[in-house]
Amino acid sequence: MTEPRVVLVDDHSLFRSGVRAELEPLLEIVAEAGTVEDAEAAIAEHRPDVVLLDVHMPGGGGVEVIRRAAAAELRPTFLALSVSDAAEDVIAVIRAGARGYVTKNISPAELADAVRRVHDGDAVFSPRLAGFVLDAFTGPAPEPETELDLLTPREREVLQHIARGYMYKEIALRLEISPKTVEAHVSSVLRKLQLSSRHELTRWAADRGLGL
Amino acid sequence: MNGTLRRDRSQGWLGGVCAGFARRYGVDPALVRVTFVVAAAAAGFGVALYLLAWLVIPAGEAPRRRRLPTGRGAVEVSLGTGLLLLSVLLAFRALGIWFSDAIVWPLVLIASGAALIWRGSVGPRSRPDPAPLGVPGASANRPVAAEPAAPAAAGPPASEPATTAASLSRNGIGIALVIAAGFAFLQATGALNAARDVVLALIASIVVLGVIFAPWVLRLVRSLTAERSERIRSQERAEVAAHLHDSVLQTLALVQRSDDPQQVAALARRQERELRAWLAGRPAPGQAARLAPALEAAAADVEDNHGVPVEVVVVGDRDLDPAVEAVVAAAREAMTNAAKFGGGSTVDVYAESTPAALQVFVRDRGPGFDPAGVPADRRGVRESIVGRMERHGGRARITSSPATGTEVELLLEAER
């Protein structure tokens with residue numbers, strides 16, 4: 001398999017160059033962008049496989065980048081990378097279409113691994129995102145009949161393990177299922193996260209002006 | 001029977017004076033009302049007394065919901081006031097005290113209009129209680145004045161604008177009545193022509209002045225608004241600056257003086273945590289008596305003491321009680337162990353609080369150890385974690401292996 005081609009979007013040039021230096025030996029970084037407009041242009045020009053996307057940027061942030069790329073019929077895989085801990089930021093960018101969320105204190109090897117995994121179609125959840133999702137899906141759903149509003153016990157179990165800091169392989173071992181099944185559960189949770197009309201999710205998204 | 005004399009607006013027709021008397025002395029309100037009407041026939045004495053009582057006796061805090069929603073509103077009050085005054089005037093006329101017919105209708109109109117306006121502005125605030133939004137029962141104890149506004153009790157969210165609109169139109173009708181009274185008086189006294197000239201001159205001057213001063217007034221208002229928001233902004237900036245001085249700048253100064261990388265990292269992490277808590281509007285760790293802040297505070301201490309990052313994820317939250325405090329203390333001990341023996345790996349803490357149970361997992365990726373092989377004199381695990389949990393009706397389970405590191409699971413189930 002070829003290495004994914006990556007565009008790095010962050011408004012802090014210092015952080016960009018740091019990540020670039022760390023990832024360069026592991027992945028192919030084709031471009032950097034520091035603003036929403038630059039990111040739009042870089043995505044259009046380089047057609048990357050994966051966009052490492054900062055959540056907070058002037059001019060609409062990561063959500064706006066995803067929206068513009070979608071408007072231009074460009075659909076690279078987005079992986080959100082942020083220092084933000086706020087649920088509404090994280091949920092908003094996931095609901096806009098990002099395939100995963102990792103925090104900026106992740107190690108370079110783990111980051112490269114996460115990029116490869118979203119490139120392979122998997123969803124990448126940090127422990128904190130798993131916590132947010134569990135929080136959002138706890139409590140009664142407004143319309144419990146829609147399966148989108150509820151997590152299955154297995155999905156809940158997988159998320160709890162992610163929140164406890166387990167890697168997918170370790171989760172597979174502990175739950176005695178295949179790593180592919182773990183991936184399937186996480187992808188299913190991601191789908192629910194993006195499509196569910198649960199009040200908590202829509203509220204979080206609405207806080208960031210996401211008309212979903 | 002009630003202790004003090006209060007106007008009872010919940011049962012009253014006009015100002016609740018009669019109902020208040022009836023309540024106070026335990027008689028039928030109708031009796032009191034008849035007494036007043038009879039007194040009114042006697043040279044208007046009853047009316048004067050009634051108005052005096054309305055002014056002097058304060059309104060009671062009687063439960064308003066007892067009033068039946070008959071919609072006896074401003075219109076009836078205004079009509080009633082007008083008719084009462086008419087009767088008083090007629091009584092005067094009968095007594096031979098009389099000025100001119102020209103003032104009868106204007107006075108009656110003025111009284112009606114004034115009743116409308118006063119009822120709107122002096123009556124109970126017609127704003128519904130802000131708290132029970134969306135509670136269907138909220139319409140039951142809506143203040144009296146709001147009743148004519150939304151008789152069908154359309155949903156509570158809609159009632160506030162409707163109430164405002166009703167009060168506006170009520171005031172409008174009242175003012176129109178008073179103005180009409182003025183015109184009627186002028187017409188009757190034949191002074192309308194003269195008055196028209198005056199009014200025209202007045203209107204012309206107002207228009208002229210308005211054209212001259214409107215831009216200036218507008219600019220003044222705008223600049224006042226701008227100044228006000230600028231003042232608010234600068235206050236906010238001052239607060240942020242004060243906070244940054246106490247926290248971030250202090251830490252940066254410490255970082256510049258330090259040449260120990262580990263200390264710098266610890267400082268940075270502590271500052272980051274504090275700043276995040278501040279940004280999220282949470283109380284600083286250690287202040288709130290809730291599970292999540294308590295766990296975060298414990299993690300912060302362990303981080304500071306051992307220089308190992310501790311990541312805390314909490315799902316749900318609950319108040320601290322002795323058992324929950326014990327869980328936090330056990331978790332802190334587990335974090336300390338993980339930081340000491342985890343080989344410097346990140347410590348992951350995950351807590352999930354549901355009404356049925358509280359679960360806390362503390363995990364490191366260190367070399368692991370054999371829980372059964374811990375010597376009896378090592379009190380850390382046995383006493384501070386397992387023993388403490390059992391004393392509070394909970395359980396602790398420790399799994400450890402060289403491949404996966406160590407995980408301590410604390411479980412506290414609800415009794416019942």
Side-chain angles (χ1 to χ4, degrees), chain A residues 15 55-56 82-91 101-111 125-140 142 151 153 155-176 189 199-200 204 207, chain B residues 265 268-269 271-282 292 295-296 299 303 308-318 331 334-335 338 342 344-357 359-366 397 399 401 403-411:
Chain A
F15 181 78
V55 174
H56 285 285
S82 169
V83 290
S84 169
D85 268 354
E88 58 265 30
D89 297 335
V90 179
I91 299 292
Y101 167 81
V102 291
T103 39
K104 277 184 176 172
N105 54 12
I106 189 172
S107 75
E110 280 176 324
L111 181 56
F125 280 22
S126 68
R128 196 161 292 280
L129 175 57
F132 288 153
V133 177
L134 285 168
D135 236 354
F137 281 88
T138 304
L151 297 180
E155 286 164 357
R156 184 169 281 278
E157 214 169 2
V158 167
L159 281 182
Q160 281 165 341
H161 276 88
I162 295 175
R164 281 155 68 180
Y166 285 93
M167 315 290 279
Y168 289 9
K169 280 185 202 121
E170 297 169 325
I171 298 171
L173 270 179
R174 286 179 66 95
L175 299 181
E176 294 176 337
V189 171
H199 168 68
E200 292 84 354
W204 281 340
D207 284 351
Chain B
R269 280 198 64 89
Q271 184 54 61
E272 179 190 339
R273 231 172 15 239
E274 191 268 345
L275 202 57
R276 277 186 195 290
W278 186 69
L279 283 174
R282 288 194 299 254
L295 273 178
E296 273 156 22
E303 250 182 39
V308 172
V310 182
E311 295 290 342
V312 183
V313 175
V314 182
V315 170
D317 204 352
R318 59 165 71 189
M335 289 180 227
S345 70
T346 300
V347 178
D348 282 296
V349 178
Y350 172 66
E352 186 172 319
S353 170
T354 62
Q359 255 183 315
V360 181
F361 298 89
V362 179
R363 176 157 186 268
D364 67 66
R365 293 152 183 283
R397 197 174 61 194
T399 45
S401 81
T404 60
T406 304
E407 185 168 59
V408 177
E409 177 190 351
L410 311 171
L411 175 65

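Numbered from 1 within each chain, the chains take letters A, B, ... in sequence-line order.
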Proximity of residues 157-164 of chain A to chain B, residues having a non-hydrogen atom under 4.5 angstrom
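So the qualifying residues are A:Q160, A:A163, A:R164.
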With no hydrogens and no angle check, is any side-chain donor or acceptor of B:R365 less than 3.5 Å from a backbone partner on A:G165?
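Yes, the answer is positive, given that a donor and an acceptor are paired below the 3.5 Å cut-off.
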When rounded to the nearest 0.5 angstrom, what is the spacing between [atom1] in [X] and [atom2] in [Y]?
{"X": "B:F361", "Y": "A:Y166", "atom1": "CZ", "atom2": "OH", "result": "8.0 Å"}
{"X": "B:R363", "Y": "A:E170", "atom1": "CZ", "atom2": "CD", "result": "4.5 Å"}
{"X": "B:T346", "Y": "A:I106", "atom1": "OG1", "atom2": "CD1", "result": "10.5 Å"}

Note: B:V314 and A:D135 closest approach over all heavy atoms is O-OD2, 4.2 Å
Under a 4.5 Å heavy-atom cutoff, which of B:Q359, B:E311, B:E352 has the most pairs with chain A?
B:E352
Please rank B:V312, B:V362, B:V315 by heavy-atom pairs under 4.5 Å with chain A and give me the top one.
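Looking at each option in turn, the highest pair count goes to B:V315.
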Name all residues meeting the salt bridge (Lys or Arg N to Asp or Glu O under 4.0 Å) criterion together with A:E155; count only those two or more places apart in sequence or in a different chain, and write none if there are none.
A:K192
Just wondering, are more than 12 heavy atoms of other shown residues or ligands nearer than 6.0 Å to CZ in B:R397?
no
